[in-house]
Amino acid sequence: MKFEDYIMNVPNFPIEGIQFKDITTLIGDGEAFYQAITELTEFARDLKATKIVGPDARGFITGAPVAAMLHAGFVPVRKPGKLPREVLKYDYELEYGKNTLCMHKDGVKKGDRVVIMDDLLATGGTMEASIKLVEAAGGEVVGLGFIIELLELKGRDKLKGYPIKVLIQY
Ligand code: AMP
């Protein structure tokens with residue numbers, strides 16, 4: 001399946017100069033969504049993942065179905081103030097300003113083999129923060145999965161040493 005046929009490019013969204021890659025047209029197509037999740041599931045299964053972690057919000061759409069297919073748990077990574085129990089926090093720099101991501105402290109345990117999934121790899125900042133949270137919890141990050149990678153932003157440079165699966169590259 002040519003997954004790129006199901007992605008819409010939206011120029012100047014959410015701000016001038018950004019080429020937004022809209023995955024709602026892929027996940028809105030039953031067969032394309034199934035095939036994308038199946039490929040990402042095979043990647044995570046080969047790595048013997050025991051947990052799938054996904055950042056808010058499109059990491060939930062990408063990671064949660066994979067977790068269910070594998071009978072593995074799904075663990076959300078979210079902005080501060082959203083998770084109800086004790087969290088681990090990680091602060092990181094954005095191009096303009098800062099961001100913080102959180103994960104429940106008991107979401108990942110020592111010995112867990114974790115695959116982290118998101119819809120899109122841009123600068124890699126979100127994924128790098130998610131890796132730090134999983135490793136701080138004692139989990140082993142065994143792989144990273146994405147639907148889309150924007151090659152020119154070189155996000156991979158921040159993620160050296162981790163196996164990466166991507167369905168579409170631009
Ligand atoms: P980054 O942390 O820079 O790798 O950004 C990744 C996150 O930002 C992902 O969760 C994406 O959903 C979102 N994102 C960044 N750039 C785009 C884009 N051009 N189109 C759609 N989503 C994007």
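Note that ligands are numbered from 1 as they come in the structure, with each ligand's atoms numbered from 1 the same way. Residues take their numbers from the sequence shown, with the count starting at 1.
Nearest protein heavy-atom neighbour of atom 22 (N) of ligand 1: R58 NH1, 3.2 Å. Protein heavy atom at the shortest distance from atom 20 (N) of ligand 1 is K21 N, 2.9 Å. Among protein heavy atoms, atom 12 (O) of ligand 1 sits closest to D119 OD1, 2.8 Å. From the protein, the heavy atom lying nearest to atom 5 (O) of ligand 1 is A122 CB, 3.6 Å.
With rounding to the nearest 0.5 angstrom, the CD atom of Q19 is 9.0 Å from the CD atom of E152.
The contact set between ligand 1 and D118, taken as ligand atoms under 4.0 Å from a residue heavy atom, comprises 9 (C), 10 (O). Counting the atoms of ligand 1 from 1 in the order shown, those under 4.0 Å from a heavy atom of L150 are 19 (N). Counting atoms of ligand 1 from 1 in the listed order, those under 4.0 Å from a heavy atom of T126 are 1 (P), 2 (O), 5 (O), 6 (C), 7 (C). Near L120, meaning under 4.0 Å from one of its heavy atoms, ligand 1 places the atoms 6 (C), 9 (C), 11 (C), 14 (N), 15 (C), 16 (N), 17 (C), 18 (C), 20 (N), 21 (C), 22 (N), 23 (C). For ligand 1 and T123, the ligand atoms under 4.0 Å from any heavy atom of the residue are 1 (P), 2 (O), 3 (O), 4 (O).
At least one donor-acceptor pair under 3.5 Å links the side chain of N12 to the backbone N or O of G17. Looking only at distances, no side-chain donor or acceptor of T100 sits under 3.5 Å from a matching main-chain atom of D91. A donor-acceptor pair under 3.5 Å links the side-chain atoms of D118 to the main chain of G59, judged by distance alone.
Distance check for atom 8 (O) of ligand 1: every protein heavy atom is found at 4.0 Å or beyond.
By the 4.0 Å heavy-atom criterion, D22 is excluded from the residues contacting ligand 1. For G124, the heavy-atom gap to ligand 1 drops under 4.0 angstrom.
Counted within 6.0 Å of CE on M8, heavy atoms from surrounding residues, nucleotides or ligands total 12 or fewer; the atom is thus considered open. The environment of OH in Y34 is sparse: at most 12 heavy-atom neighbours from other residues, nucleotides or ligands sit within 6.0 Å.
No option in D112, L70, V142 other than D112 meets the side chain to side chain contact (heavy atoms under 4.5 Å, CB included) test with K51.
Defined by atom type and a distance below 3.5 Å, a donor-acceptor pair is present between the side-chain atoms of E31 and Q35.
The part of Q19 lying near ligand 1 is the backbone, judged by heavy-atom distances below 4.0 Å.
When the side chains of ILVMFWY residues are joined at heavy-atom separations under 4.5 Å, either directly or via intervening members, V77 and I116 end up in a single hydrophobic cluster.
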